A.B. asks: 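Here it is: the structure, laid out below.
Please read these numbers as outputs of a predicted model, since none were measured by experiment. Chain A is the first sequence line, chain B the second, and so forth, proteins listed ahead of strands; every chain is numbered from 1.
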Amino acid sequence: MTFIERVYYVVRLIPPSRVTTYGMIAKFVGTPKASRMVGWAMNSSHKQESFIPAHRVVNRNGLLTGKAHFKGKSMASRLEKEGIVIENDQIHNLTELLWDPFIEIQEVPKDFYKNLDI
DNA sequence: CGTGTGACGGCGC
DNA sequence: CGCGCCGCCACAC
């Protein structure tokens, strides 16, 4: 799988009312220092046919840094609809809501890390 | 091919 | 503590 495919795969697994961070996704997909690339991937995620809950990806402090890229319903309102409380574009109880892919994802497709050296 | 561009993160000051 | 620098890397052009 390509970098983008791996990122989309992980983001699709984030359940409602939970969030994860760009850094965690970057680490999980095998490029721990490429967290910016995760944001870059989210930028074009809306073009995908299947739904990708990009609003559930926030920065390490729980800030909604990607909010400017949402058309229609805002990033905050999408999260609030799932019961997440936001104040000043920031999730307060991030540690409780955090969805850690290393803990939550039991197994990945065989070709997930195919073109990657780890 | 070369280069610019980020929805980030870590580290130093 | 906050702020700013810089490494990062997939992709468009």
Side-chain angles (χ1 to χ4, degrees):
Chain A
M1 293 171 75
T2 66
F3 171 81
I4 288 190
E5 286 169 340
R6 291 198 294 278
V7 171
Y8 288 168
Y9 179 87
V10 174
V11 175
R12 271 195 278 256
L13 295 178
I14 309 171
S17 306
R18 301 292 299 279
V19 295
T20 193
T21 69
Y22 299 98
M24 274 186 169
I25 295 172
K27 204 177 293 182
F28 189 84
V29 302
T31 50
K33 295 174 184 172
S35 43
R36 293 184 81 172
M37 295 303 101
V38 176
W40 170 85
M42 290 299 94
N43 198 17
S44 47
S45 64
H46 66 280
K47 296 174 188 168
Q48 286 290 308
E49 291 200 15
S50 63
F51 175 65
I52 298 178
H55 60 286
R56 297 182 192 135
V57 185
V58 298
N59 88 341
R60 66 182 156 151
N61 300 128
L63 254 176
L64 311 191
T65 46
K67 65 167 193 162
H69 301 267
F70 285 85
K71 295 176 181 176
K73 291 197 63 181
S74 72
M75 187 175 185
S77 64
R78 288 172 204 234
L79 290 168
E80 282 165 347
K81 195 170 183 178
E82 298 179 0
I84 295 178
V85 180
I86 294 157
E87 195 175 319
N88 295 326
D89 293 324
Q90 179 161 214
I91 296 171
H92 275 291
N93 49 341
L94 178 66
T95 49
E96 295 150 40
L97 298 177
L98 197 56
W99 184 87
D100 184 349
F102 280 100
I103 296 175
E104 310 282 357
I105 299 180
Q106 307 300 339
E107 58 180 333
V108 294
K110 292 185 189 68
D111 62 341
F112 193 79
Y113 295 111
K114 195 174 179 181
N115 50 9
L116 201 65
D117 305 313
I118 51 173

A.B. asks: Heavy-atom distance under 4.5 Å between the side chains of A:T20 and A:F28, does that happen here?
C.D. replies: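 They are not in contact (no side-chain heavy atoms under 4.5 Å apart), so the answer is no.
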
A.B. asks: If pairing requires Watson-Crick or G-U wobble contacts with both distances under 3.5 Å, which nucleotide is the partner of C:dC8?
C.D. replies: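 Partner of C:dC8: none.
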
A.B. asks: Could you tell me the separation between the CZ atom of A:F28 and the C1' atom of B:dC8, rounded to a whole number of Å?
C.D. replies: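 Going from CZ in A:F28 over to C1' in B:dC8 covers 19 Å.
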
A.B. asks: Nearest 0.5 Å please: distance from the CZ atom of A:R6 over to the OH atom of A:Y113.
C.D. replies: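 Result: 8.0 Å between the selected atoms.
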
A.B. asks: Could you please spell out the steps behind the side chain to side chain contact (heavy atoms under 4.5 Å, CB included) verdict for A:T65 and A:D89?
C.D. replies: CA-CA 8 Å; A:T65 46; A:D89 293 324; over 6 Å; no

A.B. asks: In whole angstrom, give the distance that lies between atom CD1 of A:I52 and atom C1' of B:dA7.
C.D. replies: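 After rounding, the gap between these two atoms is 14 Å.
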
A.B. asks: Would you indicate what A:N59 reaches in the nucleic acid, counting non-hydrogen atoms under 4.0 angstrom: base, sugar-phosphate, or nothing?
C.D. replies: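 The answer is sugar-phosphate, as A:N59 gets under 4.0 Å only of primed atoms, P, OP1 or OP2.
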
A.B. asks: Do you reckon A:M75 sits in the same ILVMFWY cluster as A:I86, going by side-chain contacts under 4.5 Å, direct or chained?
C.D. replies: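 Yes, one cluster joins them.
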
A.B. asks: Roughly how many Å is it from CD1 in A:I25 to P in B:dG9, rounded to a whole number?
C.D. replies: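 Distance, rounded to whole Å: 10 Å.
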
A.B. asks: Are OP1 or OP2 of B:dC8 and a side-chain N or O of A:T65 less than 4.0 angstrom apart?
C.D. replies: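 It does, given that an N or O in the side chain of A:T65 lies less than 4.0 Å from OP1 or OP2 of B:dC8.
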
A.B. asks: Distance check needed: C:dC8 C1' versus A:K27 NZ, whole Å only.
C.D. replies: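 These atoms are roughly 15 Å apart.
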
A.B. asks: Assign each of A:W40 and A:K33 to its nearest nucleotide of DNA chain C by heavy atoms, then name whichever residue's nucleotide is nearer the 5' end.
C.D. replies: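 The 5'-side residue here is A:K33.
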
A.B. asks: Measure distances between side-chain N and O atoms of A:R36 and base N and O atoms of B:dG9, and say whether any donor-acceptor pair falls under 3.5 Å.
C.D. replies: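 Check fails, no donor-acceptor contact within cut-off.
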
A.B. asks: Once you round it to whole Å, what is the distance between P of B:dC8 and NZ of A:K67?
C.D. replies: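 So the two atoms are 13 Å apart, to the nearest Å.
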
A.B. asks: Check the distance between B:dG9's P and A:L94's CG and give it to me in whole angstrom.
C.D. replies: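 The answer, rounded to whole Å, is 11 Å.
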
A.B. asks: Between atom CE in A:M42 and atom C1' in B:dA7, what is the gap in whole Å?
C.D. replies: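 Answer to the nearest Å: 9 Å.
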
A.B. asks: Write down the atom of A:H55, the atom of A:E82, and the distance for their closest heavy-atom approach.
C.D. replies: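 Heavy atoms of A:H55 and A:E82 come nearest at NE2-OE2, 3.0 Å.
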
A.B. asks: Closest approach to the side chain of A:R60, judged atom by atom: which nucleotide of B:dG9, B:dA7, C:dC11 is it?
C.D. replies: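 Output: B:dG9.
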
A.B. asks: Could you tell me whether A:I4 contacts a base, only the sugar-phosphate backbone, or nothing, with contacts defined as non-hydrogen atoms closer than 4.0 Å?
C.D. replies: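 Sugar-phosphate: the residue A:I4, judged by heavy atoms under 4.0 Å, touches backbone atoms but no base.
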
A.B. asks: In this structure, how many angstroms lie between the C1' atom of B:dA7 and the CG atom of A:N43, rounded?
C.D. replies: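 That distance rounds to 7 Å.
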
